[in-house]
Amino acid sequence: MSVSRKLPSVAIIGAGIGGLTLYSALRQNKGFKKVKVFDQAAAFSPTSGAGFGLSPNGQMCLKSIGINCQEILHPFHSMVRLDKRGNVKVSSNVFENIMSKYGFGISGCLRADLIQTLSEKAGDDLKYSHKLINIEDDTRSVKVSFENGYKDHFDVVIGSDGINSTVAEKLNIDKSPPVYSNANIFYGVIPDPDHIGFCNPVLKDSNHKVIQGTGTGEFIMFNCGPKDRQVLVWANTYVSNCAPNRNEEWARVGETNADLSNVLKRYPSEHPIHEVALLTDPERLLHFGLHYRKHKYTWSNNSRVTLMGDACHATLPYVGQGANQDIEDAIVLAKSLESLPHDQAFKNFYQERYKRTKRIVQMAGALDKLYHSNNVFTRGALDLLLTSVAKGGFVFKQLEKEIVEECPVDYKLFQTEK
Ligand SMILES: Cc1cc2nc3c(=O)[nH]c(=O)nc-3n(C[C@H](O)[C@H](O)[C@H](O)COP(=O)(O)OP(=O)(O)OC[C@H]3O[C@@H](n4cnc5c(N)ncnc54)[C@H](O)[C@@H]3O)c2cc1C
Ligand SMILES: *[C@@H]1O[C@H](CO)[C@@H](O)[C@H](O)[C@H]1NC(C)=O
Ligand SMILES: *[C@@H]1O[C@H](CO)[C@@H](O)[C@H](O)[C@H]1NC(C)=O
């Protein structure tokens, strides 16, 4: 359909899930001659971060650009809701139902595994130790400058540099910083859970399950990773009026932590959180403040630069969509750049993505309020809501519709394959 228009050269700032997915998506079209990804990190780190749920929309988007990540996934079958004491209250096979309905389920994925799969595709086009410090748009091209002295020119620049985006700061649009949600999170990784003789019955039987409870904030636990390198990931959020004082968002705790003891004190002794906390090596325990970004009225400033992912719509984690929405962004942005001149491509990208990402950020914001409320009635309502979700009730169905059916890649595309 396209008249052979010269496709732009592209600098992607940030080799997170968003930036790297965009790289692979652009590479589907040979017309993109020069595409480079720059990241400030010194190198790929297999122990950075923890895991997340890769939902059907994320899996479909990756598959649509030829990335099959089944080997690095731990598929979820059921959802378990714990009561206050940490005993199983509801358990149902909601995730198997999604799988049979759409052909894609939800799986636990280590962030580092997905980053590695994606970065292998980028090869030498991925440059570590490149921290962006400036962007100058002279209307004919954009000059990017890095802390190490390297400079280059590109037709367009994509800011996929995360919640504290340097690119966002350089654009002359709303410069508001990330908003602190008055909650912090502990995030732990325990390797090889199948070979740990857990005491708690919930922990003895955690394969293929998302286990969730509420007590002091949200407690959640699931396995991630391929069979031979499985890990158990757990997290707990709690109310605070100040984020842990660290300059690295995904910082390791690395020492015994008074905040953790405070959180644990609020759970009865039979709750599984005690055992997972005890079994987590401090090197694999993360502790940080939970921030989000207010939606800006635009993600570009009529220049050759746009934002994507957490740089423009960072969400709180409660809907499990941060990485998945980022992957969707990459697919839509690549399609737009392929079919439209850059200014129209950026407008189109914004129009297609704004409402969807805003709904998700708002949903996560609403859950944040419920999880961290002190009001007994609100907590009762939350318990009813989450119990219904765990049973696959109405709210779950609505959520499933939002996540799967509003995805920019249509699940029906793959249904004839089998
Ligand atoms: C180290 C790390 C670990 C994470 N672990 C998890 C996890 O376990 N579970 C989970 O749910 N979410 C995790 N996240 C968050 C999750 O990946 C994101 O919320 C989501 O995928 C959106 O990603 P993004 O690509 O927009 O931004 P991010 O994933 O935040 O990636 C942004 C990238 O940009 C780079 N960058 C930032 N500033 C500059 C600059 N000036 N110049 C060059 N590069 C720059 C950063 O080094 C980073 O690699 C993690 C994020 C990071 C950075
Ligand atoms: C948009 O931001 C770029 C990058 O900082 C800058 O060079 C350019 O002058 C800005 N354009 C407008 C119209 O503000
Ligand atoms: C991001 O910004 C927030 C708030 O300004 C800060 O608390 C956090 O440490 C920053 N994260 C990184 C990775 O710089």
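Heavy atoms only: backbone and side chains are in, while hydrogens, waters and symmetry mates are out. Both ligands and their constituent atoms are indexed starting at 1 by order of listing.
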Near Gly18 (heavy-atom distance under 4.0 Å), the atoms of ligand 1 are 25 (O)
Heavy atoms of the protein only: does one fall short of 4.0 Å from atom 9 (O) of ligand 2?
no
Numbered in order shown, the ligand 2 atoms found under 4.0 Å of a heavy atom of Ile135 are 4 (C), 5 (O)
When Tyr411, Phe95, Phe76, Phe414 are each screened for ring pair (Phe, Tyr, Trp, His ring centres under 6.0 Å) with Phe104, the one that passes is Phe414
Nearest non-hydrogen contact to atom 31 (O) of ligand 1 from the set Gly320, Cys312, Gly16, Ala314 belongs to Gly16
Is there a heavy atom in Phe146 that sits closer than 4.0 Å to ligand 1?
no
Any nitrogen or oxygen of Asp137 lying under 3.5 Å from a nitrogen or oxygen in ligand 2? Just yes or no.
yes
Mark up the atoms of ligand 2 that fall under 4.0 Å of a heavy atom belonging to Leu171, in ascending order.
2 (O)
Could you tell me whether Asp161 and Lys170 have a side-chain N and a carboxylate O separated by less than 4.0 Å?
no
For Ser48, take its heavy atoms, then give the atoms of ligand 1 lying under 4.0 Å from any of them.
1 (C)
For Gly162, the ligand 1 atoms whose distance to one of its heavy atoms is below 4.0 Å:
27 (O), 30 (O), 32 (C)
Taking distance alone, with no angle check, do Lys131 and ligand 1 share an N/O pair under 3.5 Å?
no
Side chain, backbone, both or neither: which part of Gln40 has a heavy atom under 4.0 Å from ligand 1?
both
Which side-chain N or O atoms in residues 384-397 pair as donor and acceptor under 3.5 Å with protein atoms at least two apart or in another chain?
from	atom 1	to	atom 2	distance (Å)
Thr387	OG1	Asp383	O	2.6
Lys397	NZ	Gly392	O	3.1

Show the atoms of ligand 1 that are less than 4.0 angstrom away from any heavy atom in Gly309.
26 (O)
Under a 4.0 Å N-O cut-off, is there an ion pair linking Arg356 with Glu328?
yes
Where does the angle between the aromatic ring planes of Phe146 and His130 fall among parallel (under 30°), tilted (30 to 60°) and perpendicular (over 60°)?
perpendicular
